[in-house]
Every structure is written in C-alpha cells, then in structure tokens.
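On a predicted model such as this, the values are computed, not experimentally measured, just so you know. Side chains are part of it too, since the values below use all heavy atoms of this structure and drop only hydrogens, waters and symmetry mates.
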Amino acid sequence: MESSDKQLKLDMRYLKMARVWAENSYCQRRQVGALVVKDKMIISDGYNGTPSGFENVCEDDNNVTKPYVLHAEANAITKLARSSNNSDGATIYITASPCIECAKLIIQAGIRRVVYGEQYRLTDGIDLLRRAGIEVVFLDINSTK
C-alpha cells in the first residue's frame, strides 16, 4: 500500500503547514489554520480572525470571541472567490474540526476531502460532511512526528 503511505505523508505535511499558518492568527483563545490543496498545489489559505479592515482583536473584554470573527475555513474558501482558482475536488487541511457553518461552505465549494488535526467538542460539522459524502480524515498531529 505504497500510495496510501504516500498520501498519509502528504496529509501530515499539509496539516503541519496549516498549523504553522495558524500562527498568523491574532486570536488569543484558539488559533486555527486552513489550507486548500488541489493537484498537490496550495490554492488557498486562511486562519481565524477579523474581516479585512477591522482591528486584529478577536475577543472582547470578557475573553469571548467576537461574533464577526471568521473561521480559518471560511477565510480560505472566500479567498478562493477572489482568485482564479477553483476548489472542485480539492482537499482542505484544517488544524481543528470544522463547525457546521464551515461544513456547509466546504460542501458548497465542491471540496471532496477534509483532513483535520484536532477534535472539537461538537461533531455536527463532521457529521454533515460525512452525510454529504465527503471523505473526512482525522490525523492527530500532536501524537506523531
């Protein structure tokens, strides 16, 4: 099964790159990164944060995430809309499992695979992706080198 080993190595690499990309986030509570890959090429990237032109502060004075903060997946997918790239059949690598709102965006963007590295307490996003026939892969990037 050489091809599955090769895919696993690629998946781990891209997931680690997404984790590095998450470091660009100004959010204090949680930093999340996402990369959209098609034909072994990164076609978009994103991390959680405020919309363009807003101050780079994600939490209010009570350390609650502001309601207008964008998730990493949403940033990566909407960035594609401003480019000449197309996400049909792509894979998205996310440092944390997607919420239900981001799962809807992933489905509508034509992304066929989701690889994520950290389980979130809610599974409704993952459940919706599976229901839509999208391949979902969990890789614990903290337990491997």
Linked, directly or transitively: [X] and [Y] (ILVMFWY side chains, under 4.5 Å):
| X | Y | answer |
| --- | --- | --- |
| L122 | I106 | no |
| M17 | M41 | no |
| V136 | F138 | yes |
| V36 | V114 | yes |
| V37 | I134 | no |

Among all residues two or more places apart in sequence or in another chain, which pass the side-chain contact (heavy atoms from CB on, under 4.5 Å) test with [X]?
| X | result |
| --- | --- |
| L70 | P51, A74, N75 |
| S83 | L80, N85 |
| D39 | none |
| N86 | K38, D88 |

Task: Within residues 50-69 or reaching into it, pairs that qualify as ring pair (Phe, Tyr, Trp, His ring centres under 6.0 Å) - sequence neighbours excluded - done: F54-Y68
Would you say [X]'s side chain and [Y]'s backbone share a donor-acceptor pair under 3.5 angstrom?
| X | Y | value |
| --- | --- | --- |
| R19 | G117 | no |
| N48 | R30 | yes |
| S25 | V32 | no |
| Y14 | K40 | yes |

Task: Close side-chain approach of E135 to T91, heavy-atom, < 4.5 Å - done: no
Open item on the list: Within the structure provided, determine whether I107 and L129 are in side-chain contact (heavy-atom separation under 4.5 Å).
Closed with: yes
TODO: List, by chain and number, the other hydrophobic cluster members for W21, where Ile, Leu, Val, Met, Phe, Trp and Tyr join if side-chain heavy atoms come within less than 4.5 Å, directly or indirectly.
DONE: Y47
Open item on the list: My understanding is that a hydrophobic cluster links ILVMFWY residues whose side chain heavy atoms are under 4.5 Å apart, including indirect links. Using that, what else belongs to the cluster containing V57?
Closed with: none
Task: Qualifying residues under salt bridge (charged side-chain N to carboxylate O under 4.0 Å, His left out), relative to R13, sequence neighbours excluded - done: none
With a cut-off of 3.5 Å and sequence neighbours excluded, list every side-chain donor-acceptor pair involving residues 92-105.
from, atom 1, to, atom 2, distance (Å)
Y93, OH, D11, OD1, 2.7
T95, OG1, G33, N, 3.1
S97, OG, Y120, N, 2.9
E101, OE1, K104, NZ, 3.3
E101, OE2, K104, NZ, 3.1

Open item on the list: Under a 3.5 Å threshold, yes or no: a donor from one side chain and an acceptor from the other, between T65 and R29?
Closed with: yes
- [ ] Start with the C-alpha gap between L139 and M12, add the side-chain angles, then the distance that decides, and say whether side chain to side chain contact (heavy atoms under 4.5 Å, CB included) holds.
- [x] CA-CA 7 Å; L139 293 178; M12 290 300 289; 3.6 Å; yes
Open item on the list: Considering only residues two or more places apart or on different chains, which pairs with a residue in residues 53-85 satisfy disulfide (SG to SG under 2.5 Å)?
Closed with: C27-C58
Open item on the list: If the condition is side-chain hydrogen bond (donor to acceptor under 3.5 Å, both in side chains), which residues does Y116 pass it with, not counting sequence neighbours?
Closed with: Q119
- [ ] Starting at CD of Q108, measure out to OG of S87 and round the result to the nearest 0.5 Å.
- [x] 10.5 Å
Task: Spacing of CD belonging to E73 relative to CG belonging to L35, to within rounding of 0.5 Å - done: 11.5 Å
Task: salt bridge (Lys or Arg N to Asp or Glu O under 4.0 Å) partners of residues 42-60, not counting sequence neighbours, each pair once - done: D45-K79, E55-K66
